[in-house]
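Written out below as structure tokens is the structure these notes cover.
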There are 4 protein chains.
Amino acid sequence: MVAHAAPVAGPDDDSAKRRQIIKGARTVFLEQGFDGASMGEIARSAGVSKGTLYVYFADKNSLFCEIMEQESLAQGMSAIEFAPTLDVETSLKAFGAAYIKLLCDPRGTSAIRTVMAIAERMPEVGRHYYERVIANSLGKFTRYLEQQVQAGTLQIEDCHLAASQFTKLCQATLFLPFIFQVTDAPSSERIAEVVDSATQMFLATYRTRPHD
Amino acid sequence: MVAHAAPVAGPDDDSAKRRQIIKGARTVFLEQGFDGASMGEIARSAGVSKGTLYVYFADKNSLFCEIMEQESLAQGMSAIEFAPTLDVETSLKAFGAAYIKLLCDPRGTSAIRTVMAIAERMPEVGRHYYERVIANSLGKFTRYLEQQVQAGTLQIEDCHLAASQFTKLCQATLFLPFIFQVTDAPSSERIAEVVDSATQMFLATYRTRPHD
Amino acid sequence: MVAHAAPVAGPDDDSAKRRQIIKGARTVFLEQGFDGASMGEIARSAGVSKGTLYVYFADKNSLFCEIMEQESLAQGMSAIEFAPTLDVETSLKAFGAAYIKLLCDPRGTSAIRTVMAIAERMPEVGRHYYERVIANSLGKFTRYLEQQVQAGTLQIEDCHLAASQFTKLCQATLFLPFIFQVTDAPSSERIAEVVDSATQMFLATYRTRPHD
Amino acid sequence: MVAHAAPVAGPDDDSAKRRQIIKGARTVFLEQGFDGASMGEIARSAGVSKGTLYVYFADKNSLFCEIMEQESLAQGMSAIEFAPTLDVETSLKAFGAAYIKLLCDPRGTSAIRTVMAIAERMPEVGRHYYERVIANSLGKFTRYLEQQVQAGTLQIEDCHLAASQFTKLCQATLFLPFIFQVTDAPSSERIAEVVDSATQMFLATYRTRPHD
DNA sequence: CATGAATGAGGATTCATTCAT
DNA sequence: CATGAATGAATCCTCATTCAT
């Protein structure tokens with residue numbers, strides 16, 4: 001039944017057709033949301049027939065989940081690294097800027113919006129996304145803060161809270177206007193300003209005081 | 001649209017029927033999202049016939065937009081008042097807690113999710129919501145901060161940024177897990193903790209120092 | 001909500017539209033079978049839109065079951081009466097002829113076929129039909145035989161079996177060729193011949209012998 | 001249809017592949033009916049690819065017809081033999097029991113239901129089945145009766161009718177409840193009872209009387 | 001103005017069939 | 001010849017919208 005170590009052309013997890021479908025579906029889903037996207041339009045966008053969609057994915061839900069999974073990986077979030085040799089302030093600023101750049105990337109934002117939208121009806125999708133993307137990057141940052149606490153650079157009781165606070169501070173005036181389509185993605189300069197302010201606030205609270 | 005100069009309560013902007021429809025539609029839209037809500041269910045929820053819906057609203061979109069408009073008013077956000085006589089710390093804590101309570105209101109998934117969901121396909125709805133609800137409450141808070149700056153209690157360069165920072169700090173670990181369905185709405189205790197921490201951070205940065 | 005003792009026009013159990021749909025559906029279902037019939041064709045045959053079908057019936061299944069219910073009543077089976085004053089032989093012949101006429105009516109036969117076809121996948125439909133049509137008419141005949149036994153005219157141990165045997169004998173060479181589309185419905189003469197033979201066989205076995 | 005005078009076993013009427021397909025298709029068709037069976041499932045059941053199905057059969061209809069043709073042969077009906085040396089009563093009972101067993105075979109809903117189901121839409125299938133299976137086995141039985149008439153054992157005018165009557169009598173209370181899914185397949189004991197009764201009736205009518 | 005029956009376009013999904021390999 | 005990926009027509013069903021009453 002198995003043909004001479006087949007050259008992988010069928011509905012495998014990584015065939016070209018499958019990738020092609022995912023690409024098309026990604027476009028449509030992120031543009032129109034789950035309900036707004038029709039399988040017909042996805043098929044057209046992917047350049048395959050409607051039937052082919054169902055050769056590779058059981059149904060619309062499965063296809064959507066797959067996209068969102070990939071999205072979470074695609075999100076460079078987890079790629080943000082902390083150089084332990086740099087001083088804290090520089091590290092924070094670098095992280096903050098990178099973080100906001102990712103968050104306000106018009107490509108990724110659609111995903112956030114789409115996931116938020118569907119989270120009520122498909123809670124697993126919401127949870128998955130949160131855990132893979134948000135909790136993951138937050139965890140990395142939390143561990144960095146813990147190292148700094150151990151090193152005596154920072155004085156923090158709840159590092160998870162502190163990490164969360166910093167990322168929130170960096171969003172400040174940037175994220176909501178962007179996600180609600182009021183403004184375009186913020187410029188690097190604007191990001192730098194807000195992140196600087198966030199860093200100051202953060203350090204004003206958590207930097208170890210000389211004789212505290 | 002109004003026929004024969006009808007003397008009775010017609011499809012005016014404020015007839016009882018209209019309010020009744022809006023109430024029913026609000027429930028359904030916030031519970032199910034835009035696509036999940038059907039005009040039939042809205043009619044049932046409002047206790048009117050499907051046809052009547054179209055007497056008062058041109059189509060589903062219009063009805064939805066109207067709800068979202070009203071949402072800005074309905075949202076108690078703008079109702080949050082700042083008592084100028086209270087000390088800053090108490091005011092901040094009260095505002096922060098009220099703000100998070102509204103944001104993480106478990107009833108109807110909170111309007112914010114519904115709006116975010118549709119913002120891609122109906123950008124004006126997103127914009128409107130941002131401006132009416134978010135910008136509005138933020139503006140109020142900003143003006144309060146400006147008053148405090150003038151009063152010498154706080155030392156802030158960019159009050160809009162500071163206002164934004166505070167609201168973000170209050171969200172910290174609370175909002176995202178909630179909106180992504182990872183946790184239930186936060187308890188009052190948890191809110192108090194996070195808001196306390198936010199207030200400390202805020203004041204550590206912006207409180208006027210004795211000899212600064 | 002109730003309008004002045006409404007003149008019954010809506011999706012009631014007996015509106016004209018509903019009857020219209022049933023009529024159209026009946027035609028298509030009996031002609032094409034359950035799977036062969038499409039809701040589109042039923043709508044066309046009934047002269048209504050596809051959507052209207054779903055105003056009156058939850059789904060294809062419900063519509064089909066309704067038809068089959070009606071079919072069982074439509075079947076005059078239960079209308080066959082036994083005149084207790086007539087002699088047994090005449091009664092048997094009359095009943096037998098009427099029974100075969102009904103069984104080999106091109107209109108009713110489609111129903112039998114359609115029900116048999118679907119009985120595997122929708123056993124309730126099969127059961128219902130059997131009980132309403134077959135068991136019902138058989139029961140009536142069984143009771144007639146029991147009366148004759150009590151009257152001393154017939155000598156039967158198992159009247160239900162005997163009743164069944166007689167109806168089967170009447171079918172003899174008539175029913176199967178007809179239901180398998182090999183021949184048209186049998187003529188009255190042919191029916192009379194077969195029913196006569198059946199009656200003779202039946203009486204040869206079950207008629208009370210003078211000194212038995 | 002045959003390419004390049006293929007030397008190997010091609011789509012002949014009797015290649016192993018062909019038989020394999022028919023076996024798989026038979027299972028699925030008899031289990032699910034014509035419309036319920038999908039070519040995909042048939043391919044799976046036969047252990048071949050969907051494409052191969054079309055190498056051996058023009059389309060679903062052809063495959064189905066072929067199965068039904070074969071069914072006539074597969075059906076052991078024609079295998080029922082009459083031992084001329086046995087006495088009539090024993091022969092009738094043996095034949096009757098075998099006949100009912102075939103008719104009420106619980107495996108695969110019995111072919112008869114499947115054929116009846118499709119007879120409206122595919123009359124030739126119905127006709128074929130009747131002629132090959134029913135008429136055939138009935139013909140054999142008819143000829144047996146004719147032999148007995150010639151031998152003086154039985155006294156029958158219309159042997160075809162008599163044959164038909166006997167098979168019908170044997171069905172009595174057994175067949176319809178089974179085919180309409182009201183009861184399971186009858187037990188051997190129940191079959192024996194009904195067949196005994198049928199035999200008695202048959203002989204009461206057709207056995208040669210000493211001085212008639 | 002209020003109704004709700006009727007509509008028909010559109011959605012997700014299935015499946016017989018084809019065809020390049 | 002055998003395969004199974006690809007197709008697209010067809011299916012059931014939903015729902016926003018209209019309109020006669």
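Quick note on labels: first sequence line is chain A, next is B, and so on, each numbered from 1. Both backbone and side-chain heavy atoms feed into the values below; hydrogens, waters and symmetry mates do not.
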- Message: Students often get this wrong, so: under 4.0 angstrom with heavy atoms, is A:Ala43 touching a base, only sugar-phosphate, or nothing?
- Response: nothing
- Query: How many Å lie between CG on B:Leu63 and P on F:dA16, as a whole number?
  - Reply: 11 Å
- Item | Partner residues of C:Gln32 under the side chain to side chain donor-acceptor pair (under 3.5 Å) criterion, sequence neighbours left out | C:Glu41
Dump every N/O contact between nucleotides 17-19 of chain F and the protein below 3.5 Å, one line per pair.
{"from": "F:dT17", "atom 1": "OP2", "to": "B:Tyr54", "atom 2": "OH", "distance (Å)": "3.0"}
{"from": "F:dT17", "atom 1": "OP2", "to": "B:Lys60", "atom 2": "N", "distance (Å)": "3.0"}
{"from": "F:dT17", "atom 1": "O4", "to": "B:Lys50", "atom 2": "NZ", "distance (Å)": "3.3"}

- Message: Using side-chain contact (heavy atoms from CB on, under 4.5 Å), reason through B:Leu30 and B:Met68 one step at a time and then give a plain yes or no.
- Response: CA-CA 10 Å; B:Leu30 293 189; B:Met68 290 302 133; 3.8 Å; yes
- Note on the structure: Nearest-nucleotide check on DNA chain F, C:Phe34 vs A:Val48; residue mapping nearer the 5' end is A:Val48
- Message: Between C1' on F:dA10 and CD on C:Glu41, what's the gap in Å once rounded to a whole number?
- Response: 13 Å
- Please report the C-alpha distance between D:Glu66 and D:Arg18 in whole Å, then the side-chain angles of each, then the deciding distance to 0.1 Å, and finally whether the side-chain contact (heavy atoms from CB on, under 4.5 Å) criterion is met. CA-CA 11 Å; D:Glu66 177 88 18; D:Arg18 189 185 171 88; 3.2 Å; yes
- Could you please spell out the steps behind the side-chain contact (heavy atoms from CB on, under 4.5 Å) verdict for D:Phe180 and C:Arg127? CA-CA 6 Å; D:Phe180 279 122; C:Arg127 265 195 292 278; over 6 Å; no
- Query: Can you check the D:Tyr56 OH to E:dA16 P distance for me, whole Å?
  - Reply: 20 Å
- Identify which nucleotide among F:dT7, E:dA6, E:dT3 has an atom closest to any side-chain atom of A:Val55, counting heavy atoms from C-beta outward. F:dT7
- Message: On DNA chain E, does the nearest nucleotide to D:Asp35 precede the nearest nucleotide to A:Ser38 from the 5' side, or the other way round? Give the residue.
- Response: A:Ser38
- Query: side-chain contact (heavy atoms from CB on, under 4.5 Å) between C:Ile112 and C:Tyr129: does it pass, once the steps are laid out?
  - Reply: CA-CA 9 Å; C:Ile112 296 180; C:Tyr129 191 82; 3.5 Å; yes
- Query: If only atom types and distance count, is the side chain of C:Lys17 paired as donor or acceptor with the main-chain N or O of C:Thr52 below 3.5 Å?
  - Reply: no
- d(CD1, A:Ile42; P, E:dG11) in whole Å: 11 Å
- Length of the CZ-C1' vector between D:Arg18 and F:dC1, whole Å: 15 Å
- Send over the distance from C:Phe57 CZ to F:dT14 P, rounded to a whole Å. 15 Å
- With A:Ser45 via side-chain contact (heavy atoms from CB on, under 4.5 Å) - residues at least two apart: A:Thr27, A:Val28
- Whole angstrom value for the distance that separates P of F:dA20 from NZ of C:Lys17: 13 Å
- How many Å lie between CZ on C:Arg44 and C1' on F:dT11, as a whole number? 13 Å
- Using a cut-off of strictly less than 4.0 Å, decide whether B:Ser49 has a side-chain nitrogen or oxygen near OP1 or OP2 of E:dT3. yes
- A:Ser62: what forms a side-chain contact (heavy atoms from CB on, under 4.5 Å) with it, not counting sequence neighbours? A:Ala58, A:Asp59
- Query: So what's the dot-bracket for DNA chain F: Watson-Crick or G-U pairs under 3.5 Å, [ ] if a pair crosses, | if it pairs off-strand?
  - Reply: .||||||||||||||||||||
- Task: Tell me, please, which residues at least two apart from C:Phe64 pass ring pair (Phe, Tyr, Trp, His ring centres under 6.0 Å).
- Result: C:Phe29, C:Phe34
